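Following: one structure in structure tokens, then a few remarks.
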There are 2 protein chains.
Amino acid sequence: MSTMSRDELSRVGLQLLNTHGLADVSMRRVAKELDVAVSALYWHVKDKQSLLGAVVDRLLASVDFGPPSGAWRTDLTARAEQLYETLLTTRDAAELAASALALGTGGEAMRRALAEVSPNDTTTDAVMALLIGHATLHQQRLQAQAIGVDVSGTTSATFRQVLDLLTKRV
Amino acid sequence: MSTMSRDELSRVGLQLLNTHGLADVSMRRVAKELDVAVSALYWHVKDKQSLLGAVVDRLLASVDFGPPSGAWRTDLTARAEQLYETLLTTRDAAELAASALALGTGGEAMRRALAEVSPNDTTTDAVMALLIGHATLHQQRLQAQAIGVDVSGTTSATFRQVLDLLTKRV
DNA sequence: ACCTGAACACCGTTCAAGT
DNA sequence: ACCTGAACACCGTTCAAGT
């Protein structure tokens, strides 16, 4: 009677991600939140990676890109920055997305959104890599600053600078 | 009498990484390999992340860069490709390095090696991001191909192409 | 079709106690 | 200084059994 579904699982998963971080998005935690047995989850979802993939997809679905303007450089930059912001804004989202992408269990919407306004595949790949890589590295700054630690010698360029370098405008 | 040391731990860790993958580099597994109690490890190492950081550092120490030639584009490309190869050659190395870099627990040698031959910080940051991002995404291809699954719509550009795009040669 | 309960084989970390 | 043993609080996954 709990109307449990794959969609419901990813909702709870995303909520746990936001409030407690990736470490707390466990099968047991999600089950507890839904007040069901852990084993019940496996009826709706293949395994944990598949659940995490659904969480990434739900997160990406919340990003609203709007229609392309026609100027690819503008569109690509705008979309990349929107995605970058989402990855940094949501707790542990960069790590989550990276792993989903690496395992092929989610996050395809990201690549699709970029490919739609990209002039060619190589550029799409480059922006994807930059996005994932820079977001991953940015974590260190946040982490370090939070503890009040020396931050010199770590990633300092903004995503925008790096993106401009790639699209040849600097 | 077992000559256990921080260095020894990272040696065993790297060996486990190569032979069994990241999932098997656990405190308990390393302890078993050394034939000591798990708790003994905590005398030599703060926690698991610190052990993994030491493993990354050991891996990077095995890369031999050679002195700079003077032409930054050549040097930067060469070093980036060497690092890229290392990340792809060693099992789960991309994921491991990404997490160590993100948490600030290891991998600084990577950034140092690139900065040494890079014209400016923004370029260093860009190459770092590309390196981590592209290596992460590349995993999907390997994973997918291993299971004989459709690989279209995934990262297809080589690291070299993407790197050339960044250093403006295409 | 959908869910429970119990079990299996693991985790990281702490800490008193030993030598 | 360095290590053991035991405990604590967790994991993901499977599977017979229930409704």
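We name chains A, B, ... by the order of the sequence lines, and we start the count at 1 in each one. Quick caveat, the model's predicted, so the values are computed rather than measured.
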Should B:Trp43 be listed as having a side-chain N or O under 4.0 Å from OP1 or OP2 of D:dC2? yes
Can you tell me the distance, in whole Å, between the [atom1] atom of [X] and the [atom2] atom of [N]?
X: A:Leu41; N: C:dG5; atom1: CG; atom2: C1'; result: 14 Å
X: A:Lys32; N: C:dT4; atom1: NZ; atom2: P; result: 15 Å
X: A:Glu8; N: C:dC2; atom1: CD; atom2: P; result: 15 Å
X: A:His44; N: C:dA1; atom1: NE2; atom2: P; result: 13 Å
X: B:Leu34; N: D:dC3; atom1: CG; atom2: P; result: 10 Å
X: A:Arg6; N: C:dC2; atom1: CZ; atom2: C1'; result: 17 Å
X: B:Leu52; N: C:dC11; atom1: CG; atom2: C1'; result: 13 Å

Within-4.5 Å side-chain heavy-atom neighbours: A:Asp92 and A:Val25: no
Is there a side-chain contact between A:Val127 and A:Arg79, using heavy atoms and a 4.5 Å cut-off? no
Quantified in whole Å, what is the P atom distance between nucleotide D:dC8 and nucleotide C:dA9? 22 Å
Tell me if a side-chain donor or acceptor on B:Thr105 pairs with a main-chain N or O of B:Leu101 at a distance below 3.5 Å. no
Quick one: does B:Arg58's side chain have a donor or acceptor within less than 3.5 Å of a partner on B:Asp7's backbone? yes
Under a 3.5 Å limit for both distances, which nucleotide forms a Watson-Crick or G-U wobble pair with D:dA1, could you say? C:dT19
Watson-Crick/G-U partner (both atom distances under 3.5 Å) of D:dC8: C:dG12
May I ask you to decide if the ring planes of B:Tyr84 and B:His138 are parallel, tilted or perpendicular, using 30° and 60° as cut-offs? perpendicular
In terms of hydrophobic clusters joined by side-chain contacts under 4.5 Å, are A:Trp43 and A:Met4 together? no
Sugar-phosphate atoms are those with a prime plus P, OP1 and OP2; base atoms are the rest. Using that split, label each nucleotide of nucleotides 13-19 of chain D B, S or - for protein heavy atoms under 4.0 Å, 5' to 3'. BBB----
If you look at every heavy atom in B:Ala80 and B:Leu163, which pair is closest and at what distance? CB-CD2, 3.8 Å
